[in-house]
Protein chains: 4
Amino acid sequence: MTLPTGADDGRDVMAEFIPSSPLVALLGIQVGSLGDGEAVLHLPYRAELTTIGETVHGGAIATLADTAVMAACWCGAVPPENLRGSTVDLTVHYLAPASATDLTATARVLRRGRKICHAEVSVTDSSGTLVAHGVGTYQLG
Amino acid sequence: MTLPTGADDGRDVMAEFIPSSPLVALLGIQVGSLGDGEAVLHLPYRAELTTIGETVHGGAIATLADTAVMAACWCGAVPPENLRGSTVDLTVHYLAPASATDLTATARVLRRGRKICHAEVSVTDSSGTLVAHGVGTYQLG
Amino acid sequence: MTLPTGADDGRDVMAEFIPSSPLVALLGIQVGSLGDGEAVLHLPYRAELTTIGETVHGGAIATLADTAVMAACWCGAVPPENLRGSTVDLTVHYLAPASATDLTATARVLRRGRKICHAEVSVTDSSGTLVAHGVGTYQLG
Amino acid sequence: MTLPTGADDGRDVMAEFIPSSPLVALLGIQVGSLGDGEAVLHLPYRAELTTIGETVHGGAIATLADTAVMAACWCGAVPPENLRGSTVDLTVHYLAPASATDLTATARVLRRGRKICHAEVSVTDSSGTLVAHGVGTYQLG
């Protein structure tokens, strides 16, 4: 899949959109890198993100995963004139506790259809341990 | 399924635990009611929860769903001496945009095993429209 | 949701299509009833469907669930001239062993969009015990 | 993760168990290779596996994925005296039609806990195209 990478590429849209999204800003999710059908996002550890003790809440991880899936699905796609899209569904498997750690989500497109895009995402902690895995369906347009 | 409902019931644990959970407090999730294998939670609308415009971010809905699944799985179970548990996995289907609306999550246990508990959750907006459906696996102990 | 229920309704298409589908016939899945956004299918027990001993294989249950989700999504929808559609994704939670038992899948639409339809399905054994729960996304057209 | 690979390894159990499982035999699923936390299974194309035309039914793909997840979770684990286990849940994303093609499922463990094992599986057609992706939770013991 080779898609245009000019100024009107989905990556430009995402680089601007993600940090301006209120919940993303509230949690502190940051854009790492955006490639063709790929997105890397970071979530620095803060006590406000925990569920109990120093364990990051599964909901924070799901928000990170959802945002990364969306970003990967947009990156590489030519954005339509009126930017529209939404998550159709998201499945997250929690593999290990994320304890007092920054998190990195790496999402990549599994398949991009005309309207429907599937992506998977791996969430690792600061030591590189896989703490969660997600797979989602995103609808563009 | 009839389970003990005394003072050491999981509901008491949940009624105290949920509001004290930092991310839950950050988003503003509130306990509605807790029954035997059932939990109703509320998420009042705030601009900080949106993804763009007035649409609540899917991650906020996933956090609400995850918390409700956990609560339902604990409610009715006799809590072990050392409270422990974690979400194994969660699938959320997003059915309709949640636009500038308070949300209510109603979770119920599908099956409670000795260690593994499955629950489903319906998320409705203030008009009663189903905006998301979740199903999760939770591990107790 | 009120949809046409005439001769060109999706139910007529499903009543004819399901029994003629080779894998459905191989497993022995039968149509129970088809309503507006609802479908009930049966899978009579046979030793060929098991994984070990008398336990029905999770794959047979997934096939039953997938077929029921598809049927519910078509039932009530006006079929396009060229019948087309496909499962986008399916999540099945296995709740209890299905041992030497006939199975019944009851699927209902959670939300029908223009192109995307979400449905959930409950699979019960001959005693009415819930043995599996599924939720799927189906694409029409 | 380094696990014993002796005669009492889960791989030996799987190599014997999989072909003897009735539904697996009915569909024609074959063992490719079994490694430490990995399993490769094949499903040769047959007209009986289709849903319509030459398209393999999603249920056949789900059965292949479920069996591969189970196999990967057993491979590397020391089997308990009494072999027991079951799929907790399985999510399959269908990425492209599988038309008149043999299929290969490659599963690998994402994380193996004491009782709970998570694995993902990629299903490719004879040209190497990814036609489905699955992720599942399996319970040992």
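Chain identifiers are assigned alphabetically (A, B, ...) following the order of the sequence lines, protein sequences preceding nucleic acid strands; residue numbering begins at 1 within each chain. Hydrogens, waters and symmetry mates are skipped; everything else that's a heavy atom, side chains included, is used.
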Open item on the list: With rounding to the nearest 0.5 angstrom, report the CD1 to NZ distance, Ile116(B) to Lys115(D).
Closed with: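 Reported to 0.5 Å precision, the distance equals 10.0 Å.
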Task: Test log, rule side chain to side chain contact (heavy atoms under 4.5 Å, CB included), inputs Val88(D) and Val88(B) - done: CA-CA 10 Å; Val88(D) 173; Val88(B) 174; 5.7 Å; no
Open item on the list: Between Thr91(D) and Thr91(B), is there a side-chain heavy-atom distance shorter than 4.5 Å?
Closed with: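 When only atoms from C-beta onward are counted, Thr91(D) and Thr91(B) do touch, with a gap below 4.5 Å.
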